[in-house]
*Asks:* 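This structure is in structure tokens; I'll ask about it shortly.
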Amino acid sequence: MPELPEVEVSRQGLMPFLVGQRIVKAIFRTPKLRHELPASLVSRLAGLRIDAISRRGKYLLFDCESTQGGGWLILHLGMSGSVRLVKPDMPLQKHDHVDLVFAHTTLRFRDPRRFGTLLWHEGEGVGQHPLLAVLGIEPLSPAFDGDWLFAQTRRRSAPIKPLLMDSHLVVGIGNIYAAESLFRAGISPLRAANRISRERYRILVPAIRTTLENSIAAGGSSVRDYVHSDGGAGCFQLSCAVYDRLGQPCPTCAQPVCSLRQAGRSTFYCPRCQR
DNA sequence: CGTTACCCCTGGAGGC
DNA sequence: TGCCTCCAGGGGTAAC
């Protein structure tokens with residue numbers, strides 16, 4: 001589920017309830033997600049106040065009094081992770097790995113596949129953390145425009161689709177939104193990045209931005225339900241034009257949607273609308 | 001350096 | 001029903 005929009009929707013949903021609240025207690029039930037959970041973190045977190053929640057790519061960043069002797073809690077949802085605000089007596093489900101207990105609510109992190117991770121950065125400057133320092137540009141930032149992406153891809157002969165998913169270049173675009181953005185821009189996922197014109201990059205980048213922003217807006221309308229949910233109601237998701245729609249009619253030309261594998265990931269596209 | 005294959009892990013879907 | 005294979009929204013690493 002989590003690409004940039006889902007992480008951003010989670011952030012916006014958590015913020016009103018957690019900012020200003022102190023962590024009463026942290027509970028780790030699983031010793032290892034993607035990374036080892038340091039046992040000392042349980043005691044380190046107790047008593048710290050959440051001053052802000054920010055996002056870098058698909059990472060959620062909890063500012064735990066970082067400017068006053070605290071640090072940053074870094075959370076990545078991986079492929080199957082989710083966070084919810086629950087009542088403290090909510091029965092545990094399988095793969096509920098972490099609770100952050102606050103006075104009036106509990107943040108519960110669930111991740112069946114355990115590709116997600118929870119890390120701690122002591123003090124300020126969380127951007128210097130090794131996992132964050134290597135990240136590329138934010139796709140919703142003004143600096144991300146067609147000219148920038150054109151310049152970055154002059155020596156890249158790989159197909160554009162896996163490049164859009166490379167977080168060292170641009171963060172937050174996963175398999176769904178890469179496919180949807182390319183459809184919106186009318187660009188084939190197979191086209192070599194250095195064989196796309198500047199003009200077409202000036203179409204592609206706004207297409208990416210629109211795709212992400214529309215998804216955030218759609219999720220944003222049900223944020224409160226999402227973070228308060230007992231697990232039933234998920235985040236409303238915009239219906240896709242091509243992703244996971246093999247053989248179904250293209251919304252533009254009714255030609256059947258095609259599928260293939262690129263760099264180990266399935267890709268969906270309209271062979272008529274995307275060149 | 002850029003690109004791709006493989007791996008981490010569980011669970012659901014579909015074939016037999 | 002069970003067993004098998006394949007697939008899944010991410011990303012780091014190693015090998016070409």
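Throughout, protein chains are lettered first and strands after them, A, B, ... in sequence-line order, and every chain is numbered starting at 1.
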*Asks:* Identify the two heavy atoms, one from A:Pro2 and one from A:Gly78, that lie closest to each other, and give their separation to 0.1 Å.
*Replies:*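 Of all heavy-atom pairs spanning A:Pro2 and A:Gly78, the closest is CG-O, 3.4 Å.
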
*Asks:* Heavy atoms from C-beta onward define the side chain here; which of C:dG11, B:dT4, B:dC8 lies closest to that of A:Ala158?
*Replies:*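 Nearest to the side-chain atoms of A:Ala158, counting from C-beta on, is B:dT4.
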
*Asks:* What integer distance in Å separates A:His129:NE2 from C:dG12:P?
*Replies:*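 My rounded result for the distance is 11 Å.
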
*Asks:* Using a cut-off of strictly less than 4.0 Å, decide whether A:Lys94 has a side-chain nitrogen or oxygen near OP1 or OP2 of B:dT10.
*Replies:*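 No, A:Lys94 has no side-chain N/O under 4.0 Å of OP1/OP2 on B:dT10.
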
*Asks:* Between B:dT3, C:dG10, C:dG12, which one does the side chain of A:Phe115 approach most closely?
*Replies:*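 Out of B:dT3, C:dG10, C:dG12, the nucleotide with an atom closest to A:Phe115's side chain is C:dG10.
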
*Asks:* Choosing from B:dT3, C:dA8, C:dG9, which nucleotide comes nearest the side chain of A:Arg261?
*Replies:*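 Per side-chain heavy atoms of A:Arg261, the pick is C:dA8.
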
*Asks:* Of the listed nucleotides (B:dT4, C:dG12, C:dG9), which one gets closest to any side-chain atom of A:Glu3?
*Replies:*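 Looking only at heavy atoms from C-beta outward on A:Glu3, the closest nucleotide is C:dG9.
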
*Asks:* Does A:Tyr243 make a side-chain N or O approach to OP1 or OP2 of C:dG9 shorter than 4.0 Å?
*Replies:*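 Yes.
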
*Asks:* Mind listing the closest non-hydrogen atom pair of A:Arg22 and A:Phe102 along with its distance?
*Replies:*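 For A:Arg22 versus A:Phe102, the nearest heavy atoms are O-CD2, 3.2 Å.
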
*Asks:* Both distances below 3.5 Å, Watson-Crick or wobble geometry, any strand: find the nucleotide opposite B:dT10.
*Replies:*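 The base-pairing partner of B:dT10, which may sit in any strand shown, is C:dA8.
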
*Asks:* Which atom pair, heavy atoms only, marks the closest approach of A:Leu119 to A:His129?
*Replies:*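 Heavy-atom minimum between the residues: CD1-CE1, 3.9 Å.
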
*Asks:* Among B:dT4, C:dG10, C:dG12, which nucleotide has an atom closest to any side-chain atom of A:Ser167?
*Replies:*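 Out of B:dT4, C:dG10, C:dG12, the nucleotide with an atom closest to A:Ser167's side chain is C:dG12.
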
*Asks:* Starting at CZ of A:Arg110 and ending at P of C:dG9, how long is that distance when rounded to a whole Å?
*Replies:*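 Between P of C:dG9 and CZ of A:Arg110: 20 Å.
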
*Asks:* Would you kindly say whether A:Gln262 and A:Thr267 are connected by a side-chain donor-acceptor distance under 3.5 Å?
*Replies:*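 A:Gln262 vs A:Thr267: donor-acceptor pair found between side chains.
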
*Asks:* Between C:dG9 and B:dT3, how many Å separate the two C1' atoms, rounded to a whole number?
*Replies:*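 23 Å, rounded to whole Å.
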
*Asks:* What about A:Arg113: does its side chain form a donor-acceptor pair under 3.5 Å with the base of B:dC9?
*Replies:*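 Present.
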
*Asks:* From the list C:dG12, C:dG9, C:dG11, which nucleotide is the closest neighbour of the side chain of A:Leu131?
*Replies:*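 Per side-chain heavy atoms of A:Leu131, the pick is C:dG12.
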
*Asks:* If the cut-off is 4.0 Å, is A:Ser266 near the phosphate of C:dA8, judged by side-chain N/O to OP1 or OP2?
*Replies:*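 For C:dA8, OP1 or OP2 has a side-chain N or O of A:Ser266 closer than 4.0 Å.
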
*Asks:* Which part of the nucleic acid, if any, lies within reach of A:Arg265 when heavy atoms closer than 4.0 Å are counted: base, sugar-phosphate only, or nothing?
*Replies:*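 Base contact.
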
*Asks:* Can you check the A:Leu119 CG to C:dG11 P distance for me, whole Å?
*Replies:*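 Going from A:Leu119 (CG) to C:dG11 (P), I get 13 Å.
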
*Asks:* Separation of A:Leu60 atom CG from C:dG9 atom P, in whole Å?
*Replies:*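 Taking CG of A:Leu60 and P of C:dG9, I get 20 Å after rounding.
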
*Asks:* Can you check the A:Ile160 CD1 to B:dG2 P distance for me, whole Å?
*Replies:*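 So the two atoms are 15 Å apart, to the nearest Å.
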
*Asks:* Find the distance A:Gln152:CD to B:dT3:P and express it as a whole number of Å.
*Replies:*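 Rounded to whole Å, this separation is 12 Å.
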
*Asks:* Would you say A:His95 places a side-chain N or O within less than 4.0 Å of OP1 or OP2 belonging to B:dG11?
*Replies:*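 For B:dG11, OP1/OP2 do have a side-chain N/O of A:His95 under 4.0 Å.
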
*Asks:* Judged by each residue's nearest nucleotide on DNA chain B, which is more toward the 5′ side, A:Gly264 or A:Arg114?
*Replies:*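 The residue mapped nearer the 5' terminus is A:Gly264.
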
*Asks:* Starting from C1' on B:dC8, measure out to CG on A:Asp111 and report it in whole angstrom.
*Replies:*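 After rounding, the gap between these two atoms is 12 Å.
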
*Asks:* Within the pair A:His76 and C:dG10, is there a side-chain N or O less than 4.0 Å away from OP1 or OP2?
*Replies:*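 A:His76 to C:dG10 OP1/OP2: no side-chain N or O under 4.0 Å.
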
*Asks:* Taking only N and O in the side chain of A:Arg155, is any of them less than 4.0 Å away from OP1 or OP2 of B:dC1?
*Replies:*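 The answer is no; no side-chain N or O of A:Arg155 sits under 4.0 Å from OP1 or OP2.
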
*Asks:* Just checking, A:Arg154 and A:Phe150: is the charged tip under 6.0 Å from the six-membered ring centre and within 45° of the axis?
*Replies:*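 Output yes; distance and angle both within limits.
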
*Asks:* For a quick test of reading the model, state the closest non-hydrogen atom pair linking A:Ala179 to A:Val242 and the distance between them.
*Replies:*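 Heavy atoms of A:Ala179 and A:Val242 come nearest at O-CG2, 3.9 Å.
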
*Asks:* Quickly work out the A:Asn194 CG to B:dT3 P distance and round it to whole Å.
*Replies:*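 In whole Å, B:dT3 P lies 8 Å from A:Asn194 CG.
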
